[in-house]
Amino acid sequence: MNVVTRFAPSPTGFLHIGGVRTALFNLLFARHHGGKYLLRIEDTDKKRAVKDAIDAILDGLNWLNLNSDEKPVFQSNNRERHQRVATELLSAGLAYHCYCSQEELLKMRENARVSGTSRLYDGKWRNKDPAEAPRDVAPVLRFKTPTNGTTKINDLVQGPVNVSNEQLDDMILLRADGTPTYLLSAVVDDHDMGVTHIIRGDDHLTNAFRQIQLFKALKWDTPIFGHIPLIHGPEGGKLSKRHGALGIDHYKKQGYLPDALVNYLMRLGWSHGNDEIFTLAQAIKWFDISNVGKGPSRIDFNKLDSINSHYIKEADDEILVGLIKEAVIEKLNLSECSNIEQRLTDAMPGLKLRAKNLMELIDSSLFYFKKGPLSFDKKALLILDKVAKERLKKLTSSLEKIYPWNPEIIQSTLKDFSKNEEINLGEIAQPLRAALTGTTISPSIFEVASILGKEETMARIKDILNN
RNA sequence: GACCCCUUCGUCUAGUGGCCUAGGACAUCGCCCUUUCACGGCGAAAACACGGGUUCGAGUCCCGUAGGGGUCACCA
């Protein structure tokens, strides 16, 4: 079978993490089977569809390298086609006009609740003579759902699920203004796009039963469904804004690497044995939808951070420099010069070992570029006491003699110094770190001094001694 | 409320009836490395929701119970 999948987000808000994972699984499944992965923007609700949201979806997928194999389909462009299909259903006797008012529907719903059924519409106009239709009411078009039997799906993820047709009421195909509803549009588009496998969040599971009725009525092949569980927040509840339900652009702003985010999301709800770190290409080879878990999984920022720091460590220094350079320049209000790029590149191996995300990477690199005198944090000030300053003063003459100025010689100089002074290496290394970086945390202080250069190193020490 | 789905360490998960004395990863704790913080290495603690079956044997199959979730619009 030639597999075709699609990701079909509605552009009503932003592209969130759950949507991304749905897109990812659709891509993984299609590519694994050598098929196509398509994107369809479900923008039929003109009131809510926003151009910004469409851009957010496109930008987000692009950033994550999850672009669809063909140009996105905009559902709103197919409206007339959807309407024609609805009309066909009407003339085939498979749909009918319903003239119920909102008040009537509300009452039916109440009745249904009281009598304990999920069949909300009672079928009032299903068998009425169209001649009884009120003149002044624009009708909706409803589908004649079979009243007996059961609808079965053999879900790729959830397994066999059956629902009695009695539970299904007559869904609206066309609104009173003639526009098609989601249930109809999605079915027609899936058919027209040749979609063979519908992989989506399991909040759509109940929709599958209604949509199957439409596929059958239209005598179209019914796609195979795979309903993947939703992602929950860290506390197990619905994903909230406080807990991860942010646009994917926020993850970008927070300094997550796209590959890391994709790796984390692939591993959330799907597994390949005990593998934790793997590329999209590997996952495509391995992907088997039967290994997608049935239960919802919680987002875990600790693990995301851990994977992100792994990817940062593995990333090429030049790439990381490119990603943070602008921000460093902006934060310190520096004027652009090649020196910044060079120094960042030199410092990157030490810096990237300690960063969970790009924000930390940026912040931890700033001291390399600050113009003296530095500002010092509490711990640094505590270290830079009288004794420490005395030692630094003594150290300067040793440092002056160093040539060439490189980490190894700086290290041996400090070691010799501590030996001569009969102190621990830390008793001179920590004051030096505080003097050069303004903090007590940094990469190897020999490396730091080396990258700063002799002149800058001496200048920063002098700043301390003069205060 | 009705219908449907789900349930292995705190979290993500491995597990497809004997390989399970339940494995890995994140987080936590301890030790080692070390000029700091990290990284890295080693180790510890930590789970089959509960109750019944089926079977020689059950985390794995079946049935209940409890808990969690989803859906129930002229939204998608």
Inset, instruction - Could you give the distance separating B/rC63 and B/rU54 at their P atoms, to the nearest angstrom? - result: 15 Å
Legend entry - Distance between C1' atoms of B/rG51 and B/rA73 (Å, rounded): 41 Å
Inset, instruction - For B/rU65 and B/rC6, measure between their C1' atoms and round to the nearest Å. - result: 15 Å
Inset, instruction - Give the B/S/- string for nucleotides 26-44 of chain B, one per nucleotide from 5' to 3', where a protein heavy atom under 4.0 Å of the base yields B, of only the sugar-phosphate yields S, and otherwise -. - result: BS-------BBBBS-----
Inset, instruction - Please state whether the phosphate of B/rA73, meaning OP1 or OP2, lies under 4.0 angstrom from any side-chain nitrogen or oxygen of A/T181. - result: no
Legend entry - Distance, rounded to the nearest Å, where A/R200 contributes CZ and B/rU71 contributes P: 13 Å
Inset, instruction - Determine: side-chain N/O of A/S271 to OP1/OP2 of B/rA14, distance under 4.0 Å, yes or no. - result: yes
Inset, instruction - Determine the contact category for A/N162: base if any of its heavy atoms lies under 4.0 Å from a base atom, sugar-phosphate if only primed atoms, P, OP1 or OP2 are that close, otherwise nothing. - result: sugar-phosphate
Inset, instruction - Provide the distance between the two C1' atoms, one in B/rA25 and one in B/rU16, to the nearest whole Å. - result: 22 Å
Legend entry - A/E456 bridged to A/K370 by N-O distance under 4.0 Å: no
Legend entry - B/rA22 to B/rA47 separation - P atoms, rounded to the nearest Å: 10 Å
Inset, instruction - Look at the side chain of A/D202 against the base of B/rG70 and say whether a donor-acceptor pair falls under 3.5 Å; ignore hydrogens and angles. - result: no
Legend entry - By side chain to side chain contact (heavy atoms under 4.5 Å, CB included) - contacts of A/S297 (at least two apart): A/R21, A/L268
Legend entry - A/R210 to A/F143 six-membered ring, cation-pi geometry met (6.0 Å, 45°): no
Legend entry - Pairwise P distance for B/rU71 and B/rC9, with rounding to whole Å: 25 Å
Inset, instruction - Assign A/R267 to base, sugar-phosphate, or nothing according to its heavy-atom contacts below 4.0 angstrom with the strands shown. - result: base
Inset, instruction - For A/R21 and for A/P9, locate the closest nucleotide of RNA chain B by heavy-atom distance; then report the residue assigned to the nucleotide nearer the 5' terminus. - result: A/R21
Inset, instruction - Hey, which sits more toward the 5' end of RNA chain B by its nearest nucleotide, A/G236 or A/L205? - result: A/L205
Legend entry - P gap between B/rG10 and B/rA49, integer Å: 12 Å
Inset, instruction - Establish, with yes or no, whether the OP1 or OP2 oxygen of B/rA76 is under 4.0 angstrom from a side-chain nitrogen or oxygen of A/T44. - result: yes
